[in-house]
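All values derive from a computational prediction rather than experimental measurement. Only this structure's heavy atoms are used, side chains among them; waters, hydrogens and symmetry mates stay out.
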Amino acid sequence: MKNAISLLIIIFLTLSVKAQSSLEIAVLKELNSYRTKKGLCTLKIDTSLSVCSAYHAKYLTKVNKIGIKDLTGKPHDEKIDIPNWKELTFAQRDSEFNNTGENNHISKGEVQTRSTIPFKPGTPEKDIAKRIIQGFHNSPPHKEIINSDYDTDYDLPIVGISVIKNQDQIGGYDVYTVVIDLGVKFNYVKK
């Protein structure tokens, strides 16, 4: 039964087009602004990577709901058993949700955070996005990923973004789960 429900979730997420929320677009703009200041290329939203990001963000919110706070050694591979959920490794998510039919992208890395940055209700999205990217910048392994370089003559730099506002507040503050997957579409011909 668990596998059937998980399969239905995967099919639904794969077939549906992930429309970016206004907060996710604000995070993309902030990420591209950050990268431009570093002399790096900007990234384009990719639907399949965004679905991959959304799947993992939903998993993280479920893990948070059951009270597991320490994901040391487990953050990107879904190793905690959640009822009615198909736990996937980062590589499996990338493979499952690469629904372009062309198998023409590879992932460069994933950054994620959950329940670590509280925001006062009503905080402007631009400010939330800025603090999210700053948080990734302040973490050395995440900073390395968001500073990934690309050969833009042959590769199209892509990104998947998912931001979920957690239903529960902490001390009256809004808390978000954020997953950003960076990748490359290869065999890309620059126009």
Checklist line | Lys130 side chain reached by Tyr34 side chain, heavy atoms, under 4.5 Å | finding: no
Note to self: Give me the atom names and distance for the closest heavy-atom approach of Glu30 to Ala129.
What the structure shows: CG-O, 3.7 Å
Notebook entry, point to check: Between Arg35 and Leu43, is there a donor-acceptor pair closer than 3.5 Å when you use the side chain of the first and the backbone of the second?
Noted result: no
Next item on the list: Give the minimum heavy-atom separation between Leu182 and Leu49, together with the two atoms involved.
Entry: C-CD1, 4.2 Å
Next item on the list: Please determine which of Ser53, Cys52, Ser21 meets the side chain to side chain contact (heavy atoms under 4.5 Å, CB included) test together with Ser162.
Entry: Ser53
Next item on the list: Quick one: pull up CD1 in Ile133 and CG in Leu28 and give me the separation to the nearest 0.5 Å.
Entry: 9.0 Å
Check: Heavy-atom distance under 4.5 Å between the side chains of Asp149 and Asn147, does that happen here?
Finding: no
Checklist line | ILVMFWY cluster, Ile25 and Ile158 together (side-chain gap under 4.5 Å) | finding: no
Notebook entry, point to check: Do the non-hydrogen side-chain atoms of Val178 and Phe136 ever get within less than 4.5 Å of each other?
Noted result: yes
Margin query: Assess the residue pair Tyr55 and Lys86 against the criterion (side chain to side chain contact (heavy atoms under 4.5 Å, CB included)); give the C-alpha distance rounded to whole Å, side-chain angles, the decisive distance to 0.1 Å, and a yes or no.
Written below: CA-CA 10 Å; Tyr55 189 84; Lys86 182 177 179 182; 3.5 Å; yes
Checklist line | Any side-chain heavy-atom pair of Gln20 and Ile45 under 4.5 Å | finding: yes
Next item on the list: Find out whether Val163 and Thr177 are in side-chain contact, i.e. whether some heavy atom of one side chain is under 4.5 Å from a heavy atom of the other.
Entry: no
Next item on the list: Would you give the length of the straight line joining atom CD of Glu144 to atom OG of Ser139, rounded to the nearest 0.5 angstrom?
Entry: 10.5 Å
Notebook entry, point to check: What is the distance from atom CG of Leu31 to atom CD of Glu24, rounded to the nearest 0.5 Å?
Noted result: 13.0 Å
Checklist line | Plane angle bin for Phe119 and Tyr176 - parallel if under 30°, tilted between 30 and 60°, otherwise perpendicular | finding: perpendicular
Check: Going only through I, L, V, M, F, W and Y residues with side-chain contacts under 4.5 Å, is there a path from Ile161 to Tyr150?
Finding: yes
Checklist line | Gap between atom CD1 of Ile164 and atom NE2 of His56 - 0.5 Å precision | finding: 10.5 Å
Check: With a 4.5 Å limit on heavy-atom distance, are the side chains of Pro124 and Asp127 in contact?
Finding: yes
Notebook entry, point to check: Are any of the side-chain heavy atoms of Leu60 and Val179 separated by less than 4.5 Å?
Noted result: yes
Notebook entry, point to check: To the nearest 0.5 Å, how far apart are NZ in Lys44 and CG in Asn32?
Noted result: 10.5 Å
Next item on the list: Would you name the heavy atoms of Gln92 and Glu87 that are closest together and state the gap between them?
Entry: OE1-O, 4.1 Å
Checklist line | Distance in Å, Ile180 CD1 paired with His142 NE2, rounded so as to fall on 0.5 Å steps | finding: 9.5 Å
Note to self: Under a 4.0 Å threshold between the charged nitrogen and the carboxylate oxygen, would Lys120 count as salt-bridged to Asp174?
What the structure shows: no
Next item on the list: Determine whether Tyr173 and Thr123 make a side-chain contact, defined as any pair of heavy atoms from C-beta on separated by less than 4.5 Å.
Entry: no
